[in-house]
Amino acid sequence: MSEGFGKGCHLHLIDGSAFIFRAFHALPPLTRKSDGLPIGAVAGFCNMIFKMVEDNKGPDAPTHVAVIFDYSGKSFRNDMYDKYKANRPPAPEDLVPQFPLTREATKAFNIACIEREGYEADDIIAAYAREAREAGGRVTIISSDKDLMQLVGGGVEMFDAMKNKRIGVEQVEEKFGVGPDRVIDVQALAGDSVDNVPGAPGIGVKTAALLINEYGDLESLLDRAEEIKQPKRRQTLIDNRAQIELSKKLVTLDDQTPLDVPLEALEVKDPDAEVAMKFLAEMEFRTLTKRVADILGVEPLVIAEPEKTADQAEAPELPPIDADKYECVRDAAALQRYIDQAHKRGYVAVDTETTGLDEMRADLVGVCLCVEPGDACYVPLTHKDGSDDLFGSDQLAEGQMDADQALAMLKPMLADPAILKIFQNAKYDAKIFARLGLDVAPCDDTMLMSYALNAGIHNHGMDVLSERYLSHAPIPIKTLLGTGKSAITFDRVPVDEAVKYAAEDADITLRLWQIFKPQLHRKQVTTVYEVMERPLMPVLAKMEMSGIKVDRDTLSRMSNAFAQKMAGLEAEIHELAGETFNVGSPAQVGEILFEKMALPGGKKGKTGKYSTPADVLEDLATEHDMPARILDWRQLSKLKSTYTDALQEHIHPETGRVHTSYVQTGANTGRLASTDPNLQNIPVRTEDGRRIREAFVAEPGNVIVSLDYSQIELRILAHVAGIDSLKQAFREGQDIHASTASEMFDVPLDEMTPEIRRQAKAINFGVIYGISGFGLARNLRIPRAEAQGFIDRYFERFPGIKEYMDDTVAFAKEHGYVQTLFGRKIHTPEINAKGPHAGFAKRAAINAPIQGAAADIIRRAMIRMPAAIEGLPAKMLLQVHDELLFEVAEDGVEPTIARVRDIMESAAHPAVHLDVPLVVDAGQGDNWAQAH
DNA sequence: GACATCACG
DNA sequence: GACGTACGTGATGTCC
């Protein structure tokens, strides 16, 4: 089999050390259960390796593979320059024991593990890459390290395993502004603070690329340094020549590094199942052990459950999750036994199986109950007999209870106040039951519990929770339903198969509930869960089922009008371009504008394509007609495809209304998200767009009423940061942006101009978002220095704001989360990261308590709303972050507005008494456009 | 399925 | 000293 290495071969070189560092910082800390050994980076490493083993069957699979590590200690570069990598902090304590483990992992998967004293991993990679290239093969370097980018080209490319992104010549040019062959020249000039490569002082990558492109290469540049026009740059290059030349030596990889293991010996080998299993079991990677066993076709090793520590002593001994042990309930007696158990215990986990994901259209197929871990059943109700022919028959499968009889038995249990019903995503099941006339209360919801506990750490779907907290990967629904065109609905799944999948979900839900319930208290989020999560679910369910009436004809007419206008614009655009092309393709638009027409300002994005967002085109509109036409076309295209066309599809055939679905756990900050369709981003900012709201109408005899909080986030900021002047302005009911402008620019209120007010408004928003000079400059289209000046002055005039921001970031760094006024925790796992992540995390941490508190307030109002409008002819239909929309009988409008406004304005009470008033504006009309 | 773009607060 | 940057979402079309 082994014929050496040559043409047609594909070598994968994995940069092991770099990967471990990145995995360590990117992944949550994970420890081995039995002894607390930190193994997060090892887990990330194994997952990556496993993915590669899995992909080894693919067409682009490697024929040869090796993992390369840095040899601990110094390399030959330290002999050239003693400060090389001298300012590297020592590896984190939790990472150190993981280094040898990753080498073991490599060997366990039967992959060559390479390192060499006196050399860095990068040098070994360079040497292998050179040999492979010379032999006519292809090379993929699994790394995102910029120091390796000099190797790209001529059959060598890189692959960023964490971002799942390939790095070719284009991406290198993107990063360095020069081709791979000149990368070392740029690096020599720019230096590298991380590795302590000095470079030329004051010159970064941008300037370096500029110089290299002008002079061809580093040597010519240094020889001709006298010719450089800018005096400072010229002097820098002349003065630091030796240092620059040394830097080049430091960044140049040694592709002559001696290789102990010849290229041929790196041939891909199948892992030895026994060795791999043993290692994974030792690490206690439960899920991975099963997956690897699956791929290798062996039995997974059983991993012993660790001894209970004192902390876990209360946790009961649980039977393993075993899909074959679940009961299929086919008659009333069997069902009654489970109902009796639910009565006896006072709780039961429930899950429904249906024909689809849309709760307003899906039909119930079966119900699962779980009364204790491992003791779960599935009650099939409307499975079809699929065996007859290709399409299946519509005959009910045999051995199922009569659906009406089963529901009649379940009904009193679901409504029994003494029995707690536990769901994962209760709103879905509650709506399915509600459409069948069954009320469900009281409910607990493991998804909402996870959200209260862990917002910002991970998502809250069953798969994630089960893997994370039960170390168990649930049966994927795909294995039952298939995918794509050939996918079937759950009622076509044979009952025997359905039992395992369905009952397992109820079992998992109950186990999660047992874990989360005590944690709510320990983590002090019981109030958040009980006051702001649990009671919101039925309110949202009711709103979603109400839906909002949407007039199809209005939308349809608008679609036609948009289509006509678009066709006209498209013809004009093609005329201007002198050729036809796809206006909807940003790539083609970029080509036409920046290549063919050679307009200025073309910037290429990550994928090497020209970037053509609206603000760029707006700037170009002064140069040429085409950008303006393209912008018009884009606006119409958006309105048509996302709104006037798509919304028609969402009108429910029976209710004639559009029913959105709110995701209660959708935003980390506590905001809701709206999907299928999203009714929280219906256009309003442009005239054409706003007309779409005319299609959102009230039933005859009713009106649409809208109430929204005025400046709620700025009011919260004034309160939490304790800014007296801001509070005062709000108490006096002033125009807050004008007031800010007056304070900042020393302009009296009665002399305020719209322009000055506009700038202050942008600053006010910027503050809420964790302002930066760059961001404000871009938003206001002013020079960066000027924007920074505004910010400095703002902080000077409102000193409490800066203090609040610093305190918030410090709190996040210490605790790993920030908190709203109402106790909601938003975790910030990236806050202590290095690199560009840190900036994002910082701004998110500053924003979260403000956005989150506003979200808490409107949630509190919504929860109180059903009782508040009881008896009024009013229905709450939609929430758009700071706005609530109602449909109200004409004669009930005034009292409804009065009561709703009262609830909204006092929603923070009694938990929090704000130092500023909350103010709610109201509007009404035949449609949403008029009401807003 | 990733990316670019754009709709909202 | 340079880097990359406003916060939070979801839907659509293109392109691989």
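Letters A, B, ... are given to chains in the order of the sequence lines, protein chains preceding strands, and every chain is numbered from 1.
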**Message:** Could you tell me the Watson-Crick or G-U partner of dA2(C), where both distances fall under 3.5 Å? Say none if there is no partner.
**Reply:** none
**Prompt:** Glu174(A) has an atom CD; how far is it from atom C1' of dC3(B), in whole Å?
**Reply:** 13 Å
**Request:** Report which part of the nucleic acid Ala614(A) touches: base, sugar-phosphate, or nothing (heavy-atom distance under 4.0 Å, all strands).
**Result:** sugar-phosphate
**Message:** Regarding Val663(A), tell me which of base, sugar-phosphate or nothing describes its non-hydrogen contacts under 4.0 Å with the strands shown.
**Reply:** nothing
**Request:** Could you check whether the rings of Tyr610(A) and Phe594(A) sit parallel, tilted or perpendicular, using 30° and 60° as the cut-offs?
**Result:** tilted
**Asked** Within the structure shown, what part of the strands sits under 4.0 Å from Ala646(A) by heavy-atom distance: base, sugar-phosphate, or nothing?
**Response** sugar-phosphate
**Request:** Report which part of the nucleic acid Asn779(A) touches: base, sugar-phosphate, or nothing (heavy-atom distance under 4.0 Å, all strands).
**Result:** base
**Message:** Determine whether the aromatic ring centres of residues Tyr794(A) and Phe790(A) are separated by less than 6.0 angstrom.
**Reply:** no
**Prompt:** With sugar-phosphate meaning primed atoms plus P, OP1 and OP2, does Ser772(A) contact a base, only sugar-phosphate, or nothing at under 4.0 Å between heavy atoms?
**Reply:** base
**Prompt:** How far, in whole Å, is dA7(B) from dA2(C) if one measures between their P atoms?
**Reply:** 37 Å
**Charged N-O contact under 4.0 Å between Glu544(A) and Lys427(A)** = yes
**Request:** Quick one: do Asp632(A) and Lys565(A) satisfy salt bridge (charged side-chain N to carboxylate O under 4.0 Å, His left out)? Show the steps, please.
**Result:** CA-CA 9 Å; Asp632(A) 289 343; Lys565(A) 276 201 200 173; over 6 Å; no
**Request:** Using a heavy-atom cut-off of under 4.0 Å over every strand shown, decide if Leu672(A) touches base, sugar-phosphate, or nothing.
**Result:** nothing
**Integer-rounded Å distance: dC7(C) C1' and Ile763(A) CD1** = 17 Å
**Prompt:** Any idea which of dT5(B), dT5(C), dG9(B) is nearest the Arg634(A) side chain?
**Reply:** dT5(B)
**Asked** To the nearest Å, how far apart are Met805(A) CE and dC7(C) P?
**Response** 12 Å
**Request:** When you get a sec, tell me which of dG10(C), dG9(B), dT12(C) is the closest nucleotide to the side chain of Ser641(A)?
**Result:** dT12(C)
**Request:** Indicate, with a heavy-atom threshold strictly under 4.0 Å, whether Arg778(A) touches base, sugar-phosphate, or nothing.
**Result:** sugar-phosphate
**Request:** Round to a whole Å and report the spacing from CD of Gln664(A) to P of dG10(C).
**Result:** 14 Å
**Asked** What is the nucleic acid contact for Glu883(A), judged by heavy atoms within less than 4.0 Å: base, sugar-phosphate only, or nothing?
**Response** nothing
**Prompt:** Base, sugar-phosphate, or nothing for Ala845(A), non-hydrogen atoms under 4.0 angstrom?
**Reply:** nothing
**Request:** Spell out yes or no: do the side chain of Arg784(A) and the base of dT5(C) have one donor N/O and one acceptor N/O closer than 3.5 Å?
**Result:** yes
**Asked** For Asn582(A), which contact category applies under a 4.0 Å heavy-atom criterion: base, sugar-phosphate, or nothing?
**Response** sugar-phosphate
**Asked** How is Gln635(A) classified with respect to the nucleic acid when contacts are heavy atoms under 4.0 Å: base, sugar-phosphate, or nothing?
**Response** sugar-phosphate
**Request:** Give one of base, sugar-phosphate or nothing for Ile771(A), where a contact means two heavy atoms less than 4.0 Å apart.
**Result:** base
**Prompt:** With sugar-phosphate meaning primed atoms plus P, OP1 and OP2, does Asn681(A) contact a base, only sugar-phosphate, or nothing at under 4.0 Å between heavy atoms?
**Reply:** base
